[in-house]
2 protein chains.
Amino acid sequence: MIDKKSGIPLYIQLKDEILNKIDNDIWDIDSQIPTEMELMNKYKIGRATVRQALSILVNEGYLYKKHGIGTFVAGKKPSLGFEPLISLTFSLKQRGITPINFIDKKEIIAIEGHLLKEFRLTKKQDVLYLRRIIYDGNLPLAIEDSYFNKSIIEGEKELDLEGSIAEILLHDLKLNITKVEQIIVPRKADEEERKILKTAGTDKVLELKRWLYIDENEDPYFYLKFVIPSNI
Amino acid sequence: MIDKKSGIPLYIQLKDEILNKIDNDIWDIDSQIPTEMELMNKYKIGRATVRQALSILVNEGYLYKKHGIGTFVAGKKPSLGFEPLISLTFSLKQRGITPINFIDKKEIIAIEGHLLKEFRLTKKQDVLYLRRIIYDGNLPLAIEDSYFNKSIIEGEKELDLEGSIAEILLHDLKLNITKVEQIIVPRKADEEERKILKTAGTDKVLELKRWLYIDENEDPYFYLKFVIPSNI
DNA sequence: AAGTGGTCTAGACCACAAC
DNA sequence: TTGTGGTCTAGACCACTTT
């Protein structure tokens, strides 16, 4: 309960009240919690106070909101080994975001010459190049350039290239990943990136490059680069 | 300037306006920015709107407030976007786990000879070695070996080495991280690891190594290795 | 005492999703 | 149409720091 005379700010008391119900599993994961209106009436407090409490919990990842629907308990999902470490889609879903991947480019290109170093390849190779823009609704979240070993398009399977790439690699292709290398560098967005990502206010982005090795191969099977505004 | 008819929320416009002045160094570090009252009058907006814009920037580490005095530009620019990408504690907390870090070893060691390559160092260096076992309650989750540049123990600050290391690096030390390299390799646990982690059923683990670079330094500031059972 | 940020209320209108 | 969260205003009083 909330005590208006305790001296403790009401929004702190409400925040703790809600946190307890989450921690003690009184509210199920992904279940809707009382609306702002209901919380106002139940505790006889103003809407701004309710929203201040909720915004803290959203910020800390305990709750997520859906505009026009309600407020929900954020879920802890089971892990699949590598998945949380290599999948952007996975990380976003954990925060209540269901990303949409829009395929911008899809073509076969040859990696040779000075490009070999960037791709960490030892010899010339044709790869499937895929550029996707990842959205949360209408909001662009990231630009993703991925390069697959050509063998991926030679299989008979129909691959869902708009889904999670980590899922394709781990579940559909059942690859035996033996090493993942990754570099993250914060930098300024270039002009194209600013245009696509509509970076407002700041033009700082994180650039992440990732190389995936399978079996005992010396060359990576998969190369990924993605750029994401650093305020996401 | 702020356009009330643009359709863009006023607090977003104000936030971006302020962010630009910070990014372009129009306001010095630790200098006071206009008071909430001044911002209200200047842009003809309500106080709640001003506070909403400011609270975002405080939350993201661009500003800090002093009660009864004013609002100020934060000293270092945050690399907060890094947190989910580099912090094990952060990732675990997102899944509802509040890990406990038990310090197993803590000593100064010299990195030289053949070890230099593993640490990606170019010359001999003394480092602070920290081994921690990370628990979820009684269940051991991971073994973590971290190696800090010696300068970390020369500061006057008392560092909470049982908390999140990413938090120390980003929030306490406010390091300007310029690159993160990481390798993940699945392998079999060795005998010591099996003993500590009590790996049940499977003895497969993920080994993650991570190198953190700050400023323009050629050598990494921080080296981390952790081993985690692959069924977690 | 004056000025700052901290908390809180009541009320309004908008945007989005579901029925 | 209804109910949700999103944005915004005007106003009040409190707590803290400096003058």
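Letters A, B, ... are given to chains in the order of the sequence lines, protein chains preceding strands, and every chain is numbered from 1.
Residue B:Thr49 places at least one side-chain N or O under 4.0 Å from the OP1 or OP2 atom of D:dT9. A close approach under 4.0 Å does occur between a side-chain nitrogen or oxygen of A:Arg51 and OP1 or OP2 of D:dG6.
Of the listed nucleotides (C:dG6, D:dT7, D:dG5), D:dT7 has the atom at the smallest distance from the side chain of B:Pro9. Taking the side chain of A:Lys65 as heavy atoms from C-beta on, and the options C:dG5, D:dG5, D:dT9, the nearest nucleotide is D:dG5.
Ring-centre distance between A:Tyr221 and A:Phe148: not below the 6.0 Å cut-off.
Residue-level contact check: B:Ile45 touches the backbone only, with heavy atoms under 4.0 Å from sugar-phosphate atoms and none from bases.
The separation between B:Leu39 atom CG and D:dT9 atom P is 13 Å, rounded to whole Å. When rounded to the nearest whole Å, the span between CE of B:Met40 and C1' of D:dC8 equals 12 Å. D:dC8 atom C1' lies 16 Å from atom CD1 of B:Ile8, rounded to whole Å. What separates NZ of B:Lys44 from P of D:dA10 is a distance of 11 Å, to the nearest Å. One can place CG of B:Asn41 at 13 Å from C1' of D:dA10, the figure rounded to the nearest angstrom. One can place CG of A:Leu57 at 14 Å from P of D:dG5, the figure rounded to the nearest angstrom. Here D:dG5 presents its C1' atom at 17 Å from CD of A:Gln52, a figure rounded to the nearest Å. Atom C1' of nucleotide D:dT7 and atom CD1 of B:Ile2 are separated by 13 Å, given to the nearest angstrom.
Using modelled atom types, no side-chain atom of A:Gln182 and backbone atom of B:Ile183 make a donor-acceptor pair closer than 3.5 Å. Between the side chain of A:Gln32 and the main chain of A:Ile69, a donor-acceptor pair closer than 3.5 Å is present. At least one donor-acceptor pair closer than 3.5 Å links the side chain of A:Arg194 to the backbone N or O of A:Ala189.
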Next item on the list: Apply side-chain contact (heavy atoms from CB on, under 4.5 Å) to the pair A:Ile45 and A:Lys4, showing each step before the final yes or no.
Entry: CA-CA 9 Å; A:Ile45 55 181; A:Lys4 294 209 181 194; 4.1 Å; yes

Check: When you look at B:Tyr64 and B:Asp30, which way does the side-chain contact (heavy atoms from CB on, under 4.5 Å) test go after all the steps?
Finding: CA-CA 9 Å; B:Tyr64 61 93; B:Asp30 290 327; 2.7 Å; yes

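Side-chain atoms of B:Tyr213 and B:Glu218 include no donor-acceptor pair closer than 3.5 Å. Side-chain polar atoms of B:Ser6 and B:Gln13 form a donor-acceptor pair below 3.5 angstrom.
Counting atom types as modelled, A:Arg47 pairs a side-chain N or O with a base atom of D:dT7 as donor and acceptor under 3.5 Å.
Within residues 10-22 of chain A, no residue is approached by DNA chain D to less than 4.0 Å at the level of any non-hydrogen atom.
At least one test fails for A:Lys105 against the ring of A:Tyr129: distance under 6.0 Å to the centre or angle within 45° of the axis.
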Do any N or O atoms of the protein come closer than 3.5 Å to N or O atoms of nucleotides 2-4 of chain D, and which pairs are they?
residue	atom	partner	partner atom	Å
D:dG3	N2	A:Gly68	O	3.0

